Amino acid sequence: MSPDTLPALSALSALPTAFLFLPGALLAAVLPARLRPPLLVGLPALAAWQVWTLPEGRLMPLALMGLELELMRVDRLSRIFALIFTLIAVLGNLYAWHLRDRVQQVAALVYAGAAIGAVFAGDLITLFLWWEGTAIASVFLIWARRTEGAFHTGMRYLVVQVLSGVLLLAGAALYWRETGSLDFTLMRLGSPATWLIFLAFGIKAAFPLLHNWLQDAYPAATVTGTVILSAFTTKLAIYALARGFAGTEILIWIGAVMTVFPVFFAEVENDMRRVLAYSLNNQLGFMVVGIGIGSEMALNGTAAHAFAHILYKALLFMSVGAVLYRTGTARATELGGLYRTMPLTAILAVIGAVSISGVPLFSGFVTKSMVLSAASDAHLWPVWGALVFASAAVLSHSGIKIPYFIFFAHDSGRRPAEAPRHMLLAMGLTAAMCIAIGLAPGLLYALLPYPVEYHPYSGYHVVGQMQLLLFGVVAFALAMRFGLHPGEKRGTLLDSDWLYRRAAPAVLGAAAALVRAIWGAGAAAVGALRAAAMGFIRARSGPEGRLAHVWPTGSMVEWLAIILGVMLVVVYLA
Amino acid sequence: MSENLPPLARLLGLVERHFLKALAAGAALALGAGFAIDMHAKAPLESFGGFYALAGFVSLSTVLIVARLLRALLGRQEDYYGRSAVNAEQYPADQLEVRDREP
Amino acid sequence: MQGANWEYLVGHANYWLFVTLMMTGLYIVVARGNFVKKIIGLNIFQSAVIMLYISMGKVEGGTAPIFPLDGEIDPAITYTNPLPHVLMLTAIVVGIATTSLALALIVRIREEYDTIEEQDIWEAEQEISARERRQYGEVFGEAGK
Amino acid sequence: MSGQVAGDALAGHAAGVVETATAAERALGLADHLPVLVVLVPFLAAPLVVLLGARRLAWPITFAAAFFSLAAALSLLSGVLGGDAISYHIGGWAPPLGIEYRIDAANAFVMVIVSAIAVAILPYARTSIAAEIPARQHVLFHALFLLALAGLLGVAATGDAFNLFVFLEISSLATYVLVAMGAYRDKRALTTAFNYLLMGTTGATFFVIGIGFLYMSTGTLNMADLAQLIAQQPGNRTIHAGFAFIIVGMGLKVAMYPLHLWLPGAYTYAPSAVSAFLAATATKVAVYVLLRFLFTVFGPQYTFEAAELTWVILPLALLAMFAASFIAIFQVNFKKMLAYSSIAQIGYMLLGIAMLSQTALTGAIVHLFNHAITKATLFMVIGAYVLRAGGAFYRDIEGIGRVMPWTSAAGVIGGLSLIGVPGTAGFVSKWLLVQGALEKGWWWMALLVVASSLLAVVYVWKGIETAYLRAPREDVDRREAPLTMLVPIWIMALSTIWFGLSAEWTVGAAGTAAEALMSGASQLLISGGAGH
């Protein structure tokens with residue numbers, strides 16, 4: 001595309017992609033409701049085109065306050081993440097075509113823009129700015145539910161996300177002092193600076209024990225908000241880890257734990273959107289393992305898996321969202337047998353489910369197996385074992401539980417209408433991409449950061465995967481048959497959020513009571529001493545109780561005298 | 001199936017009814033194929049043709065059993081975190097379009 | 001030794017005076033509830049400073065720093081340093097301005113509160129704040145505490 | 001003994017006298033008199049306003065005088081940004097006997113802040129005081145405003161310690177009356193002004209005592225001279241005592257915690273325009289004086305390495321940052337909340353001073369500027385709320401974000417800057433402070449700065465929640481603030497963003513100022529000799 005032919009569009013490519021979204025958000029804030037959905041879909045599409053056509057390199061260096069910033073670092077790693085971010089923004093906003101809520105629409109645009117800005121950030125300060133931008137914009141997708149529960153959840157979410165940003169800023173400042181550079185590039189764990197940055201990334205990537213904001217927040221967001229939420233924040237963290245900490249060994253073990261522990265929670269959770277949130281956590285584990293291994297294949301696997309994952313996870317959230325939109329609930333206990341009246345949604349959900357489970361011909365298979373192969377190439381057998389286990393386990397909650405308990409199983413008696421057309425269209429497009437990646441993995445492989453020489457469709461691969469999955473289903477069917485399945489049950493599952501939602505307030509309450517008691521006793525003692533000391537003066541000259549209360553003039557002059565005394569002592573002693 | 005359902009739904013109903021038979025056939029086929037072809041084993045146990053079948057079966061069973069324990073251990077009432085926690089509240093109906101299919 | 005100490009005490013009489021006056025003034029500002037008395041305390045405090053300055057300008061054996069009319073300065077005559085005196089003229093002006101402003105404020109306070117006793121005004125203001133807390137405090141629940 | 005020292009000082013300056021005499025003869029152009037005109041114009045405009053007595057003329061004269069001061073201050077600043085100093089001798093009398101006005105980067109910077117804030121606030125004040133002060137007092141208001149302005153500028157401009165005291169009292173006396181003018185809305189303004197007067201006078205008198213001690217030991221009042229002579233007599237107890245008196249006296253004017261008790265009342269009950277002006281300028285000028293004495297007069301060596309005063313000011317600064325922030329969180333009155341937040345922000349400046357490094361000091365000076373514009377924005381926003389909603393309690397401004405969107409948006413910008421969100425002015429200075437702390441290896445200090453910013457998040461959020469997330473009250477005036485208020489508010493709000501994004505100018509000027517302050521006494525004398 002030469003600059004002469006399309007001056008307007010080439011001017012566009014001189015603008016950081018994120019900055020497309022911000023005026024767009026401003027525009028969305030003033031446009032009438034009718035015009036907003038086209039803007040919300042069109043703008044990310046335009047951005048996708050821009051990302052696709054951008055040349056590689058460091059495009060927008062900026063010097064600010066003596067710092068070298070880099071707004072647009074385009075390389076293969078950042079391009080693939082930016083591309084999927086723009087695509088999912090198109091699909092997610094198409095899914096939300098019916099929405100008339102200005103707050104959500106503006107937040108969705110700002111959020112997508114910030115996430116893309118962060119992906120293209122070439123230095124830690126720019127990264128930090130967009131990092132916090134995603135936190136602040138995304139919380140409105142939760143608050144937009146406009147219930148008290150959502151408000152509190154959003155607050156907790158915001159605190160965690162902003163904390164991550166603060167840690168990142170602190171880390172960046174220390175890193176600058178250490179190395180004299182703010183360049184966001186491969187780092188080695190070892191100094192406080194890198195540990196802080198690592199922790200900041202870890203919070204957003206939902207590392208074990210830092211994960212609970214995710215399961216807390218995603219089910220609390222709006223129907224459409226969850227779809228958007230599921231795509232950006234955690235994958236931004238995956239990108240940041242892949243950029244900054246590729247090959248860091250501890251990530252392998254963190255990732256292995258991440259793939260395993262959420263599956264148990266997902267199995268018994270009743271809220272289907274929370275099931276998906278746990279499953280999201282489990283899928284992130286695969287990516288984190290890939291980053292930890294750090295070989296070219298592993299990093300390719302991570303990027304590919306993130307790409308595919310965003311699509312099928314969004315598809316699953318969309319289908320559960322459509323059910324919620326039509327029935328008013330996403331609880332497994334209240335759903336079942338919906339295929340009768342929502343057959344299209346059911347089929348699309350199944351496509352999402354088989355994609356995440358890694359059934360051959362669908363997207364999960366061609367990407368997840370890259371990470372597994374990378375693990376076995378590196379002879380990391382315990383990790384490989386964990387990944388195989390997790391691959392099978394993901395089947396049970398996302399592959400079977402979601403479609404089975406919502407659309408099949410016992411008939412709940414509900415006969416909801418089919419999902420609205422724009423939702424079906426969005427889901428259909430997403431499903432089509434899942435299948436396209438599964439059928440023609442070369443399309444995706446061509447976008448990966450490193451050259452790919454990997455062929456997922458070898459006989460033993462397909463057979464092994466089919467064995468794993470089919471016998472998993474067999475186990476599930478047997479468990480259902482003999483009543484061994486945990487089944488559906490209403491309730492709340494304790495997770496690490498118990499620590500700050502229940503334990504911490506209790507402990508703090510007790511501590512506060514203790515401090516109050518001690519303070520009270522101390523204050524009484526000091527007060528008594530003071531009263532005794534002042535008694536002499538007061539008895540002679542002061543009107544009743546003149547010095548006892550806190551009238552500013554008196555106490556102020558007292559303070560003057562005290563500070564002067566301290567000063568004189570310090571000055572004389574020194 | 002006395003209801004007047006869309007054709008697609010009838011198809012899905014058919015699938016649901018015959019699912020177990022298809023599953024059994026598929027599982028047998030996959031197991032047989034595993035012993036028939038070279039599995040290019042890299043992992044110590046992978047060379048056994050039914051390894052993945054075993055892994056899938058054992059994994060799923062483990063998940064289900066551990067999950068039962070987990071619920072016994074960590075399960076609480078829906079309003080454990082208070083009546084106004086997201087878990088205990090209904091989705092605000094004014095943001096939805098709850099509608100049943102017209103017969 | 002005894003003599004030296006005595007000399008020290010007497011030789012610094014101006015400083016002792018200054019310290020005593022300053023402390024007295026400050027004490028009155030703190031301890032007296034009547035606003036006019038507080039201002040008197042402040043005046044005493046400021047007078048102490050004026051004395052400090054004036055006494056430090058004194059040169060032993062010096063005479064008033066007035067030049068002879070013909071402008072011929074006799075080097076044999078020692079003059080007292082005039083600068084501190086000049087400074088204190090300014091300080092006195094500042095002091096008067098402060099005092100008059102304070103008294104004007106006291107008049108206005110008396111008009112509004114019907115008293116110039118600190119204790120009474122304090123109570124009146126406590127009452128106003130309590131009313132405000134009742135009226136505005138519960139916006140944030142117990143935040144007013 | 002003191003006379004002896006004075007004589008030495010005179011002899012030491014004999015060469016300088018000749019040089020300046022010739023300089024004074026040739027310096028007759030207006031530009032050469034700027035150092036004194038910048039103070040004198042508003043100072044003389046004040047009686048002019050009163051003598052003319054016409055309400056129509058009062059505002060234009062005041063504005064013209066303030067505008068002149070701003071122009072003069074800017075021209076002075078551009079002259080000294082290179083690191084030179086301008087020395088101006090009042091009436092041609094050479095220092096140390098004559099009064100010297102010495103303009104270097106530090107005080108030119110302060111004068112620019114003060115006069116710029118005055119210029120920005122005056123159009124706003126015109127509308128604001130029309131609603132808050134009876135018409136017959138407007139002439140006096142403007143006269144007092146001019147006096148306060150002239151006093152603050154004089155404090156900054158002068159190089160003579162006693163002259164500084166006089167200007168300090170001029171501005172303080174005018175300020176007491178301005179605060180008392182709030183009595184038309186709330187009678188507590190009177191008692192507040194009275195308390196402020198008692199405390200302010202006590203503080204100023206402490207300051208004079210300190211000056212007296214210095215004079216006793218050195219025989220001079222000229223700051224540059226003082227610096228040189230103090231450096232020659234380390235361990236002199238009289239100077240030590242003088243030092244303690246000056247720091248405590250100025251600490252009160254600065255509102256250094258716990259000498260801050262005059263401030264919340266004064267800011268809360270004063271008329272809105274006065275609150276905005278005071279918050280943006282008065283304490284800032286006091287901080288400047290503190291800087292001037294700590295660094296130029298006593299010199300970093302004397303102040304900090306000999307006396308370890310870091311350990312007195314530093315804990316107080318930290319105390320202010322946290323205690324005042326906590327108090328701010330629990331306020332129900334928006335204006336009072338801002339007042340306590342000011343005390344906390346002054347803590348940051350003291351922190352930058354106490355850390356004693358070029359970076360931290362630059363941070364403190366930049367924060368002086370950034371906080372001035374931030375707080376001016378916020379207090380002006382509150383003034384607009386008071387005008388429309390009738391009060392500054394949170395209850396009064398519930399949901400006002402929807403009724404007064406423009407004013408509230410500016411308030412949000414100010415709030416973000418108060419927190420120190422990147423992209424606003426507040427971020428720049430906090431970033432420098434954090435850098436300063438890290439340079440010293442005090443990472444815990446950096447964490448404390450960040451932690452106290454989190455407290456600011458809480459109280460700013462409370463304001464935003466009140467203004468935006470609550471239903472508007474029915475009984476309030478449902479109109480946006482008038483343009484005469486909106487424009488100054490937005491000029492201030494946009495400047496917080498402008499100085500947040502392009503910080504080269506502020507950081508550069510503050511860096512030069514910090515260098516001028518840190519370079520200590522000896523170098524200052526050398527540059528002073530040649531700087532005329």
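All of these numbers come straight from a predicted model, not from anything done at the bench.
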Test item: B/L74 and A/F265 side chains (from C-beta on) under 4.5 Å apart, heavy atoms
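B/L74 reaches A/F265 side chain to side chain.
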Is the shortest heavy-atom distance from the side chain of A/L494 to the side chain of B/Y81 under 4.5 Å?
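A side-chain contact under 4.5 Å exists here.
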What residue in [options] has the most heavy-atom pairs under 4.5 Å with chain B?
options                        : value
A/R331, A/E269, A/H98, A/M342  : A/R331
A/V268, A/T153, A/V463, A/L324 : A/V268
A/P416, A/A330, A/A392         : A/P416
A/R274, A/H152, A/H461         : A/R274

Mind ranking B/L54, B/L23, B/I37 by heavy-atom pairs under 4.5 Å with chain A and telling me who comes out on top?
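Counting heavy-atom pairs under 4.5 Å, the top option is B/L23.
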Pick from B/T62, B/V58, B/L96: which one has the most heavy-atom pairs with chain A under 4.5 Å?
B/L96
Any donor-acceptor N or O pair under 3.5 Å, side chains A/W498, B/Y80
yes
Taking atom types as modelled, is there a side-chain donor on A/T147 or B/E89 under 3.5 Å from an acceptor on the other?
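B/E89 and A/T147 do have a side-chain donor-acceptor pair below 3.5 Å.
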Which region of [X], side chain (C-beta onward) or backbone (N, CA, C, O), has a non-hydrogen atom less than 4.5 Å from a non-hydrogen atom of chain B, or is it both or neither?
X      : value
A/A346 : side chain
A/A322 : neither
A/A409 : backbone
A/L344 : both
A/D101 : neither
A/T222 : both
A/R273 : side chain
A/R414 : neither

Approximate separation, where rounding is to 0.5 Å, of [X] [atom1] and [Y] [atom2]:
X      : Y      : atom1 : atom2 : result
B/D79  : A/T492 : CG    : OG1   : 7.5 Å
A/I347 : B/L8   : CD1   : CG    : 4.0 Å
B/L73  : A/F264 : CG    : CZ    : 13.0 Å

Under 4.5 Å heavy-atom distance to chain A, tell me which part of [X] shows up: side chain, backbone, both or neither.
X     : value
B/A88 : backbone
B/A55 : both
B/L31 : both
B/L69 : neither
B/E16 : side chain
B/F19 : side chain

Under a 3.5 Å distance rule, please check whether [X] uses its side chain to pair with a backbone N or O of [Y] as donor and acceptor.
X      : Y      : result
B/R68  : A/H485 : yes
B/R71  : A/P486 : yes
A/E267 : B/L64  : no

Residues A/E418 and B/R101 bridged, charged N to O under 4.0 Å:
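No salt bridge links A/E418 with B/R101.
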Which atom pairs, donor and acceptor, lie under 3.5 Å between side-chain atoms of residues 470-480 of chain A and protein residues at least two apart or in another chain?
none

Any chance you could lay out the side chain to side chain contact (heavy atoms under 4.5 Å, CB included) test for A/Y325 and B/Q95, step after step, and finish with the verdict?
CA-CA 8 Å; A/Y325 187 68; B/Q95 294 175 28; over 6 Å; no
Look at the aromatic rings of B/Y52 and A/W384 and report parallel, tilted or perpendicular, splitting at 30° and 60°.
perpendicular
The residue among A/T327, A/T329, A/V223 that forms side chain to side chain contact (heavy atoms under 4.5 Å, CB included) with B/Y91 is A/V223
